S.K.: 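I have a structure I would like to understand better, so I am pasting it below and will then ask my questions one at a time.
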Protein chains: 2
Amino acid sequence: MANISDVVRLSGVSKSTVSRVINNYPHISKEKKERVLKAMEELGYTPNLSARRLRGQFTTTIGVIVPRIVNPFFSNLVDAIEKVSYQNGYQTIICQSNLDKEKELTFLNLLKTKQADGIIMTAIENDWLAVEPFTEYGPIVLCNEYVSDANANVSMIRLDQFKGAYMGVKHLIERGHRKIAYCTGGSFTDIDKDNDRNLGYRKALEEAGIEINPNWIILNQHTIQDGKKVMKYLLELKDRPTAVFTGSDEVAGGILSAAKQYGFSIPGDLAIVGFDDQPAAELLDPGLTTIRQPVDQMGKKAVEVLVGHLNNAGMATATYELPIELVIREST
Amino acid sequence: MANISDVVRLSGVSKSTVSRVINNYPHISKEKKERVLKAMEELGYTPNLSARRLRGQFTTTIGVIVPRIVNPFFSNLVDAIEKVSYQNGYQTIICQSNLDKEKELTFLNLLKTKQADGIIMTAIENDWLAVEPFTEYGPIVLCNEYVSDANANVSMIRLDQFKGAYMGVKHLIERGHRKIAYCTGGSFTDIDKDNDRNLGYRKALEEAGIEINPNWIILNQHTIQDGKKVMKYLLELKDRPTAVFTGSDEVAGGILSAAKQYGFSIPGDLAIVGFDDQPAAELLDPGLTTIRQPVDQMGKKAVEVLVGHLNNAGMATATYELPIELVIREST
DNA sequence: TTGTAAGCGTTATCAA
DNA sequence: TTGATAACGCTTACAA
């Protein structure tokens, strides 16, 4: 594999000049520059990134941490991030944490070990206090995820999850429902990270003078399979809800599918609201009413903010809130 | 950020000894080993991967090239690969080629520049001849994709795509269809990479004495949106097919959704077969008949084979064929 | 505008 | 079993 010395030999200029050509320095004589470029071409030379990383300031690489890439919400987010990064001249390295705290920390080491200039976290498994120390080594941007610690000094791209849940539940209430189940990926406690959605659910019910029925709060649901089990659970309830508000389209899809199997009419016997507006949401029958998260915008903004921090170390952190939207289809 | 010299200072042993501890060399005195470990612990030391890569043989990293991560088939494949790699002590770096030849070559440079020990390609945009030279720098394994060049010296994990298409089309014929459209991601030429599927389609028709109608061959379709357009196109045809065999569940889903909108009954007015058996396939209504590709197995096998090549440079390349299966649901 | 030389954090070779 | 030292490929003072 050709290295910089080979280019030096072939072009007959010094190492520094070659390096300057590689890095597009302004003051090089045309003649030498061309000789170098020609030599690089001829040798099929590519700078060794490990060496650059070891020596230099920049890796032109950003890391993206996702919990589960198979979740379409995240694969779409990653897609958006990857495209914009590429346009900005950054390589993306995608890391799947699988909801594993340890693994998340391992990935954060990319920063410490200068494999990435900055990191976008689309979820955060550890406490912010455990993540914070890594910011010493490079900027971290939170995208889709956020921490409520007022002292946290990070840029965040967030959605108004409170409003999302509130809109969804309120929509069900307006459709006449008063028995509304809530199916979340989190644990419905105050410290929980889905807290904002929980509050939205609570608020909407409260406003309508409806009390929460603990039997209708279903925790830690993530997949299509989970959704099917939820439906089974609902079926066995004596007092059944007439509607269910869900933390993800995947779970909603599972519920919808199982409900039809049990002979439920939707939304007649059970109204369903999802979350995310994943591509499949409109393919379901009936089409799934859901909360649209502007994934592409979020990804784009996250990269822009991260690149901003990278180009200007002093840039103040900020929180950006993107609009969230209720998409009404036939499942409600 | 602590480096090896800091550990040297704190532990009072030489750099080489520290390095030996890091790399688990056998002959070190217990006492020194412990001192080193303690120092590393205390300093929160992590070896700098760039330096290791620059100096050493191994990066304990493998690259995975996918065309589009948003395609659930690929995100599931990546998921499987990532998990097995992690178990084997390898970091995975996921690269999205976006069907771009240039970008693919850029990613292949990971090998040249020692950022990855080996690469798994789940699709291949360039000719094998353009990719081949990279194998000089490390093993490449083809997973899901393959090249028919008999001289190609690569390990491949492949599915019998011919059989997959053949089974799907034959199934339609057995259901009484004779007007069967074919919707592919490729271009239906002999040199095309979807060639095997094309042949399967051809063969099944041929056996039943059915001639191919060129109007029913629809090329370059990939997304849900594409599927919807396909349905619109079919609608405008004077002589319409009664069934359509499709190269992906996404496209099939789009067709199915649009068909229902136009008032078609499925499978009565139009039978549909997908490809992949993506999670959403069973959620559609009617459930989508499709060709199941054993994604998890494929990913696992790919990693195993790659690790094999890595541990044993002399290992002969081989082709592994995994079973493919027809999943019959209600859309046919 | 160009070149020389030091150094980034490791591992491998050699000698002790 | 341990340590000194060179080398990996690059960037960047500094000097010219």
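Just so we're clear, the structure is a prediction, and the values are computed from it rather than from any experiment. So you know, we letter chains A, B, ... as the sequences are listed, proteins then strands, and number each from 1.
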S.K.: Any ion pair linking B:K300 and B:D296 (charged N to carboxylate O, less than 4.0 Å)?
M.R.: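 Salt bridge absent between B:D296 and B:K300.
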S.K.: Any side-chain N or O of B:S16 less than 4.0 Å from the OP1 or OP2 oxygen of D:dG3?
M.R.: no
S.K.: Quick one: which of D:dT2, D:dA6, D:dC10 gets closest to the side chain of B:I28?
M.R.: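 The answer is D:dT2, which lies nearest to the side chain.
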S.K.: Which residue, B:R20 or B:N48, contacts DNA chain C at a nucleotide closer to its 5' end, judged by nearest heavy atom?
M.R.: B:N48
S.K.: Ignoring backbone atoms, test whether A:S29 places a side-chain nitrogen or oxygen under 4.0 Å from the OP1 or OP2 oxygen of C:dT2.
M.R.: yes
S.K.: How far does the helix from C:dT1-D:dA16 to C:dA16-D:dT1 bend, going by the axes of its first and last five pairs, to the nearest 10°?
M.R.: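 That helix has its two terminal axes inclined by roughly 30°.
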S.K.: Starting at the 5' end of DNA chain D and moving along, which residue's nearest nucleotide shows up first, B:K15 or A:A2?
M.R.: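 Residue closer to the 5' terminus by nearest nucleotide: B:K15.
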S.K.: Rounded to the Å, how far apart are B:Y45 OH and C:dG9 C1'?
M.R.: 7 Å
S.K.: Quick one: does B:S19 reach the base of C:dA12 with a side-chain donor-acceptor pair under 3.5 Å?
M.R.: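 Flag unset: no donor-acceptor pair detected.
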S.K.: Rounding to an integer number of Å, can you tell me how far A:M40 CE sits from D:dG9 P?
M.R.: 17 Å
S.K.: For the side chain of A:L54, counting heavy atoms from C-beta on, which of D:dC10, D:dG3, C:dC8 is nearest?
M.R.: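 Output: C:dC8.
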S.K.: Taking all atoms of both residues into account, what is the closest heavy-atom pair of A:V295 and A:N76, and its distance?
M.R.: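 Heavy atoms only, the tightest pair is CG1-C, 3.6 Å.
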S.K.: With a 3.5 Å distance limit and no angle check, can you tell me whether A:Q96 reaches the backbone of A:V66 through a side-chain donor-acceptor pair?
M.R.: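 Between the backbone of A:V66 and the side chain of A:Q96 there is no qualifying donor-acceptor contact (under 3.5 Å).
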S.K.: Are side-chain heavy atoms of B:T317 and B:M156 found at a separation under 4.5 Å?
M.R.: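 Of all side-chain heavy-atom pairs linking B:M156 with B:T317, none is under 4.5 Å.
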S.K.: Does OP1 or OP2 of C:dT2 have a side-chain N or O of A:T17 closer than 4.0 Å?
M.R.: no
S.K.: Respond yes when some side-chain nitrogen or oxygen of A:Y25 is under 4.0 Å from OP1 or OP2 of D:dT12, and no when none is.
M.R.: yes
S.K.: Kindly indicate whether the side chain of A:I69, heavy atoms from C-beta on, has any atom under 4.5 Å from the side chain of B:I69.
M.R.: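 In short, these two side chains touch, coming nearer than 4.5 Å.
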S.K.: Distance check: side-chain N/O of A:N3 vs OP1/OP2 of D:dG9, anything under 4.0 Å?
M.R.: yes
S.K.: Could you check whether A:K103 pairs with B:E82 (Lys NZ or Arg NE/NH1/NH2 to Asp/Glu carboxylate O, under 4.0 Å)?
M.R.: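 Result for this pair is yes, salt bridge flagged.
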S.K.: Of the nucleotides C:dT10, C:dT2, D:dG9, which has the atom closest to the B:I4 side chain?
M.R.: C:dT10
S.K.: Please confirm whether any donor atom in the side chain of A:K32 sits under 3.5 Å from an acceptor in the base of C:dT2, or the reverse.
M.R.: no
S.K.: Just by modelled atom types, is the B:I81 backbone N or O under 3.5 Å from a matching donor or acceptor in the B:S85 side chain?
M.R.: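 At least one qualifying donor-acceptor pair exists.
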S.K.: Once you round it to whole Å, what is the distance between C1' of C:dT11 and CG of B:L49?
M.R.: 13 Å
S.K.: Under 4.0 Å between a side-chain N or O of B:K30 and OP1 or OP2 of D:dT1?
M.R.: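 No, B:K30 has no side-chain N/O under 4.0 Å of OP1/OP2 on D:dT1.
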S.K.: Of the options C:dG3, D:dT1, C:dT11, whose atoms approach the side-chain atoms of A:S14 most closely?
M.R.: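 Out of C:dG3, D:dT1, C:dT11, the nucleotide with an atom closest to A:S14's side chain is C:dG3.
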S.K.: Rounded to whole angstrom units, what separation is found between the CD atom of A:E34 and the P atom of C:dT2?
M.R.: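 To the nearest whole Å, that distance equals 12 Å.
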S.K.: Of all the nucleotides listed (D:dG9, D:dA4, C:dT11), which has the minimum atom distance to the side chain of B:R55?
M.R.: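 Looking only at heavy atoms from C-beta outward on B:R55, the closest nucleotide is C:dT11.
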S.K.: Is there a side-chain contact between A:F107 and A:I93 (heavy atoms, below 4.5 Å)?
M.R.: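 A:F107 does not reach A:I93 side chain to side chain.
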